[in-house]
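Numbering of ligands and ligand atoms starts at 1, following listing order.
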Amino acid sequence: MKAIVFREGSKWAVEDVEKPQVGPGEALLRVIQTGVCGTDEHLLHGGFIAKFPLIPGHEMVGEVVELGEGAEGAAVGDNVVVDNTVLCGECNACREGRDLFCERFGSLGCNMPGGFAEYVVVRASKLYPIGALDPDIAVFAEPTACAVHGVDVLDLAPASDVLIFGAGPTGLILSQLLKTAGAARVTVAAPTQSKLDVATALGADHTVQISRDNPAAATAALREIAPNGFDAVIEATGSTAVLEMAVPLTRTGGTVLVYGLAGEDATASLKPYEIFSRELTIRGSFAQAHCIGRALFALQTGRVRTEGLITSKVALGEFDRAIANLHDSSEIKTIVVSN
Ligand SMILES: [Zn+2]
Ligand SMILES: [Zn+2]
C-alpha cells in the first residue's frame with residue numbers, strides 16, 4: 001500500500017509499504033481521510049514523541065474492512081473515527097488512573113503507524129462508529145477531543161470571560177466548546193483576519209487582530225474588552241511572546257492555559273511576583289485520553305461546527321502541499337484523502 005513515511009533527518013517520501021495485518025482484537029481500516037496538524041511538522045523534525053520510521057497522521061476517519069479474532073467495537077463496513085492513544089494499563093501512571101501520562105504512551109501517527117496511508121490497523125476497542133456523519137465533520141474528532149481535554153483541565157466557572165490566542169482549527173474548536181462549558185463570552189485574538197471572520201461566524205463574541213511580529217501591540221485592544229482581565233486566557237499558538245502577554249491579561253485569581261505546542265527548549269519570561277500576588281494559575285494541556293466519545297457527540301449535535309475549517313484536500317502524493325499549507329496563513333485545515 002502507499003503511505004507517507006517520515007525518516008530521520010526531516011526526510012519524508014510516499015513509499016510502498018506492506019499492508020498491515022490484523023491480529024486478535026484489532027481492526028483493519030481503509031483510511032478515508034486524515035487531518036494534517038502542526039504536530040505533524042514537529043514530528044517530521046523529530047519533535048514531540050516522534051519515532052522513525054513513522055507513518056504519521058493522527059486525525060483519521062476510516063472504514064472497517066476486516067476484524068481480527070475477538071475484535072469488538074465496530075462492524076465491517078462501519079465508518080469510524082479512532083482514539084489514537086495506546087495506553088499500556090500497567091505502568092504506575094496507568095495504575096493510578098492518570099493514563100494520559102502512561103510511561104509507554106503510544107499515539108498512532110506520532111510514535112506508531114497512523115493514517116497518512118491507504119490502510120491502518122488499530123485496536124478495535126478504540127473505534128467510534130460515526131454512522132452517517134459526514135467524514136468532513138468526523139475528521140475533526142481528534143482535535144476536538146484534545147480541546148475537550150483542554151476544557152476539562154481549564155475547569156471553567158459558569159459565566160466566565162475567556163480569551164483565546166490562536167484561530168487555527170484548535171482555537172476555532174475551543175472557542176465553541178468553551179461556550180458549552182461555562183464561557184459567557186469568548187474573545188479570539190489571532191493574526192489572520194479571514195480566520196477571525198470564521199471565528200465570528202462560529203460564534204465568537206469579539207475578535208482582535210494581532211501582529212505576528214509584535215503581538216503585544218494588541219494588549220490595549222484586549223484590555224478595552226476586559227479592563228480587569230479575562231477569567232481564563234488560552235495560549236493556543238505555541239508562541240512564547242503570546243504566552244508572556246497572556247499572563248498580565250488574566251484577571252486576578254484567573255487561569256492561563258498553555259495549549260499551543262512550543263519548541264521543547266523554548267523559554268518564556270513570566271513575573272513570579274505577579275503569579276504570586278495575583279494568585280494566578282498556569283495549567284497545561286497536551287493531548288487527550290478518553291475524550292473522543294464526547295468530541296464526536298459535540299460534532300454530531302452541532303455544538304462544535306466545522307463549516308469553513310477545511311480549506312484544502314490533497315492526495316497522499318501531494319503531501320508537500322499539506323506541509324506548505326501549514327505555513328500559509330490563508331489555510332486552516334488541510335485533509336489528506338487516502339482512498
Ligand atoms: Zn493534531
Ligand atoms: Zn501505562
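Below 30°, between 30° and 60°, or above 60°: for F286 and F48 the angle between ring planes is above 60°, a perpendicular geometry.
Draw a line from the Zn ion (ligand 2) to SG of C88 and another to SG of C102, and the angle between them is 100° (to 10°).
For the pair L108 and H58, the minimum side-chain heavy-atom distance is 4.5 Å or more.
Taking 2.8 Å as the threshold, E142 does not count as a candidate ligand of the Zn ion (ligand 1), since none of its N, O or S atoms lies below it. Taking 2.8 Å as the criterion, H58 counts as a coordinating residue of the Zn ion (ligand 1), since one of its N, O or S atoms falls below it.
Taking the N/O/S atoms of E59 in turn, the shortest distance to the Zn ion (ligand 1) belongs to OE2.
Counted by atom type alone, D197 and Q193 present one or more donor-acceptor pairs between their side chains at under 3.5 Å.
Salt bridge status for R7 with E15: present, with a side-chain N to carboxylate O gap under 4.0 Å.
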